[in-house]
Amino acid sequence: MTYWEALAVFAAGIGAGTINTVVGSGTLITFPVLLAVGLPPVTANVSNTLGLVPGSISGAIGYRRELAGQGPRLLRLGAAALVGGLTGAVLLLTLPSQAFDTIVPVLIAVALVLVVVQPRLSRALQARRSGNGTHVPEHGGPVLPAGLLLASMYGGYFGAAQGVIYLSLMGVLLEESWQRINATKNVLALIVNGVAAVFFLFVADFDWTAVALIAAGAALGGVLGARIGRRMPPAALRGVIVVVGLVAITQLLLK
């Protein structure tokens, strides 16, 4: 790897760490850069997963204030993320690369629709519950862990726009502010990246130089992303999610 290639990978790590903390989809920045510097696709994917872990850690720490009181929820949803992330990592090494190509853009498109209609949908669900005398299921009921399990399987496999899917599911099924939901998303992404990274350390090929460069950049980006994301109002955050999701769909369809 030349000096300029190393600089490009480091810069991609900063960008990925920042956007992962705010929304997700940082892989759309780092993965193409790793391919451009000559890494094979699977090696690039594994190296990317390992390198993004420090960014997930710094992003989660940056949102620690919004995590207050969410311990039981994180345990419940984190278990689904752990199982899903490990399953996705195993699938990466056993399934052909085309396995998720068709369904992922559809999933992201549905997630974006949910993000856009979330305020109206949440009000409608609240009105219906009030009329029926029912309450919001604690921690999203059984539907949310099931949805996050599937999203985490994809996250362990590749992960582009994984955060968008997380945010859409929790935005509809939880009565929480977007900032607290985003804080939860960062912890779940950390769990998925972490368990996949541990698995890859023992069974997959990766490039240590790429991992180190992305890790350094992502750690810095996670700090920046937390500062940016925590200042964004809900409407602006939804707008960023939609833009990032549309970019993700476009890249996935054109690759």
Side-chain angles (χ1 to χ4, degrees), residues 7-34 48-70 73-74 77-78 81 108 111-112 114-116 118-119 148 151 155 159-172 174 176-194 213-251:
L7 186 61
V9 173
F10 175 70
I14 295 176
T18 302
I19 197 169
N20 273 344
T21 303
V22 177
V23 179
S25 301
T27 292
L28 296 176
I29 299 175
T30 46
F31 187 67
V33 173
L34 293 177
N48 179 66
T49 298
L50 290 167
L52 289 178
V53 171
S56 298
I57 294 173
S58 62
I61 292 173
Y63 266 89
R64 61 190 179 278
R65 190 166 65 194
E66 286 75 13
L67 291 171
Q70 297 202 66
R73 174 180 296 158
L74 291 174
L77 302 183
I108 299 173
L112 292 182
L114 290 176
V115 169
V116 171
Q118 181 268 333
L148 292 177
Q162 168 193 358
V164 174
I165 300 173
Y166 281 167
L167 289 170
S168 68
L169 289 171
M170 291 188 288
V172 171
L174 295 176
E176 284 282 10
S177 70
W178 271 100
Q179 292 299 344
R180 283 174 63 82
I181 288 173
N182 201 25
T184 304
K185 178 266 295 178
N186 287 332
V187 174
L188 297 180
L190 170 60
I191 292 172
V192 171
N193 281 347
L213 290 168
I214 292 178
L220 176 58
V223 175
L224 296 174
R227 293 182 178 180
I228 294 170
R230 293 175 71 239
R231 291 179 170 85
M232 296 180 69
L237 185 56
R238 269 194 292 271
V240 172
I241 294 169
V242 171
V243 170
V244 170
L246 290 174
V247 172
I249 292 172
T250 301
Q251 287 204 17

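Note that the numbering runs from 1 along the sequence shown for the chain.
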Can you name the closest pair of heavy atoms from A226 and G59 and give their distance?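 In this case the closest contact between A226 and G59 is CB-O, 4.3 Å.
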- Atom of L67, atom of A60 and distance for their closest heavy-atom approach: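 For L67 versus A60, the nearest heavy atoms are CD1-O, 3.9 Å.
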Rounded to the nearest 0.5 Å, what separates atom [atom1] in [X] from atom [atom2] in [Y]?
{"X": "L224", "Y": "I19", "atom1": "CG", "atom2": "CD1", "value": "13.0 Å"}
{"X": "L148", "Y": "I191", "atom1": "CG", "atom2": "CD1", "value": "10.5 Å"}
{"X": "E66", "Y": "K185", "atom1": "CD", "atom2": "NZ", "value": "12.0 Å"}
{"X": "R64", "Y": "Q70", "atom1": "CZ", "atom2": "CD", "value": "15.0 Å"}

**Message:** The test is side-chain contact (heavy atoms from CB on, under 4.5 Å); show your working for L34 and I214 and say whether it passes.
**Reply:** CA-CA 10 Å; L34 293 177; I214 292 178; 3.6 Å; yes
Notebook entry, point to check: Which pairs pass side-chain hydrogen bond (donor to acceptor under 3.5 Å, both in side chains) with one or both residues in residues 218-228, sequence neighbours excluded?
Noted result: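 As it turns out, there is no side-chain hydrogen bond (donor to acceptor under 3.5 Å, both in side chains) pair with a partner in residues 218-228 once direct neighbours are skipped.
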- Item | Qualifying side-chain hydrogen bond (donor to acceptor under 3.5 Å, both in side chains) pairs with a residue from residues 13-22, counting only residues at least two apart or across chains |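 For residues 13-22: none.
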Who pairs with [X] by side-chain contact (heavy atoms from CB on, under 4.5 Å), at least two apart in sequence or on another chain?
{"X": "I181", "result": "L167, M170, E176"}
{"X": "A16", "result": "T30, L52"}
{"X": "A236", "result": "M232, P233"}
{"X": "A189", "result": "none"}

* Among L188, N182, T184, which residue meets the side chain to side chain contact (heavy atoms under 4.5 Å, CB included) test with Y166? ->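 Output: one option passes, namely L188.
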